[in-house]
Amino acid sequence: MTSDLFHGFEPPAPRREDMAEGAVLLRGKALETEDELLGALAAIEEKAPFRHMVTPGGFVMSVAMTNCGEAGWVTDLSGYRYDRTDPLSGRCWPPMPAPFMSLAVEAATEAGYPDFRPDACLINRYEPGARLSLHQDKNERDFANPIVSVSLGLPAIFQFGGLKRTDPVRKYALHHGDVAVWGGPSRLFYHGIPALKEGVHPKAGAARINLTFRGAL
Ligand code: SIN
Ligand code: FE2
């Protein structure tokens with residue numbers, strides 16, 4: 001089943017919006033598999049629960065995180081990095097579920113990156129008030145890989161800037177099912193999410209879930 005809004009009709013074809021050179025927004029791209037994605041997420045959470053990590057500067061992040069795939073993104077007082085093991089359990093991160101992988105590959109292909117095969121998926125959970133300040137994704141080994149970012153649950157504002165922190169940002173409302181892809185000339189663009197607004201989503205409760213697929217290793 002897709003969103004209740006459609007009352008049994010086929011959902012509209014995903015709409016495509018260009019954000020910058022190399023960066024596109026695929027509206028509704030994840031709707032078709034929303035239940036598989038959320039089901040797979042529930043299984044990941046059982047093995048690798050969401051936790052609030054600490055930045056190298058000693059701040060507790062408002063976004064709760066976990067990972068799946070061969071490697072996971074972690075931060076603690078010693079820095080940001082990818083690690084093959086979950087520091088909470090000392091074991092490997094749960095493997096990347098098939099519906100995650102197919103969505104990431106399909107979205108990347110539609111965006112012009114047909115060779116992308118992610119080895120890491122960082123999973124962010126925002127509760128109302130949580131935010132992610134402007135940053136670049138630059139802990140990955142090979143910037144030839146794009147970032148594929150899937151939004152589920154409550155809506156958020158996505159700030160998408162440029163190569164410098166001070167570049168002007170454009171703002172996009174990201175809704176349940178939207179997929180953003182950035183790579184090529186925009187691979188290292190600054191981006192962030194301002195504080196999430198209160199709300200309850202029928203599928204995800206009082207939270208926004210973001211899956212970001214990366215070529216980390
Ligand atoms: C991120 O930059 O890792 C997450 C972006 C988002 O939550 O949409
Ligand atoms: Fe990011």
Side-chain angles (χ1 to χ4, degrees), residues 17 19-20 22-30 37-38 41 50-53 55-56 59 61-69 71-75 79-83 93 96 100 103-104 107-108 111 116 118-143 145-165 167 169-184 186-197 199 201 204 206-216:
E17 239 170 87
M19 297 194 291
V24 294
L25 193 43
L26 306 169
R27 296 281 187 195
K29 175 76 192 158
L37 296 170
L38 290 169
L41 173 64
F50 283 107
R51 77 291 307 261
H52 293 272
M53 298 188 202
T55 66
F59 294 99
M61 297 186 76
S62 60
V63 178
M65 297 177 171
T66 185
N67 291 277
C68 66
W73 186 86
V74 293
T75 174
Y80 306 121
R81 63 192 174 277
Y82 283 93
D83 205 313
W93 295 102
M96 182 112 51
F100 278 33
L103 175 60
F116 181 51
D119 55 21
C121 175
L122 170 64
I123 307 171
N124 295 310
R125 188 183 66 203
Y126 300 73
E127 287 178 0
R131 56 190 288 274
L132 199 58
S133 50
L134 275 185
H135 66 277
Q136 294 169 295
D137 292 350
K138 56 178 185 190
N139 301 125
E140 299 74 26
R141 196 181 53 81
D142 184 357
F143 299 143
N145 290 308
I147 300 286
V148 174
S149 162
V150 177
S151 291
L152 296 168
L154 289 179
I157 302 293
F158 182 56
Q159 303 168 311
F160 196 60
L163 285 173
K164 297 197 299 275
R165 187 185 292 277
D167 284 341
V169 296
R170 292 199 182 165
K171 293 179 185 169
Y172 299 87
L174 294 183
H175 291 98
H176 178 74
D178 290 348
V179 180
V181 182
W182 61 97
S186 51
R187 173 61 182 74
L188 289 173
F189 277 17
Y190 275 88
H191 57 278
I193 301 280
L196 200 81
K197 294 230 161 64
H201 186 272
R208 169 177 186 260
I209 303 291
N210 170 260
L211 315 173
T212 42
F213 296 92
R214 296 121 186 273

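Order of listing sets the numbers, starting from 1, for every ligand and every atom in it.
Counting only distance, with no hydrogens or angles, the side chain of His176 and the backbone of Gly153 share a donor-acceptor pair below 3.5 Å. In terms of modelled atom types and a separation under 3.5 Å, the side chain of His201 and the main chain of Gly199 share no donor-acceptor contact. Proximity of a side-chain donor or acceptor of Asp178 to a complementary backbone N or O of Gly28 within less than 3.5 Å is detected. With Arg165 contributing its side chain and His135 its backbone, the two residues share no donor-acceptor pair below 3.5 Å.
With rounding to the nearest 0.5 Å, the separation of NZ in Lys164 from CG in Leu188 is 14.0 Å.
Contacts of Thr66 classified as side chain to side chain donor-acceptor pair (under 3.5 Å), with partners at least two apart in sequence or in another chain: none.
Its N, O or S atom nearest to the Fe ion (ligand 2) is what matters here, and for Asp137 that atom is OD1.
Between His191 atom NE2 and His135 atom NE2, the angle centred on the Fe ion (ligand 2) amounts to 90° (nearest 10°).
Relative to the ring axis of Phe143, Arg187 does not place its NZ or CZ within 45° and under 6.0 Å from the centre.
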Between ligand 1 and the protein, tabulate every N or O atom pair separated by less than 3.5 Å, reporting distance only.
| from | atom 1 | to | atom 2 | distance (Å) |
| --- | --- | --- | --- | --- |
| ligand 1 | 2 (O) | His135 | NE2 | 3.0 |
| ligand 1 | 2 (O) | His191 | NE2 | 2.9 |
| ligand 1 | 3 (O) | Arg214 | NH2 | 3.2 |
| ligand 1 | 7 (O) | Tyr126 | OH | 2.5 |
| ligand 1 | 7 (O) | Arg208 | NH1 | 2.8 |
| ligand 1 | 7 (O) | Asn210 | OD1 | 3.3 |
| ligand 1 | 8 (O) | Arg208 | NH1 | 3.4 |
| ligand 1 | 8 (O) | Arg208 | NH2 | 2.9 |
| ligand 1 | 8 (O) | Asn210 | ND2 | 3.2 |

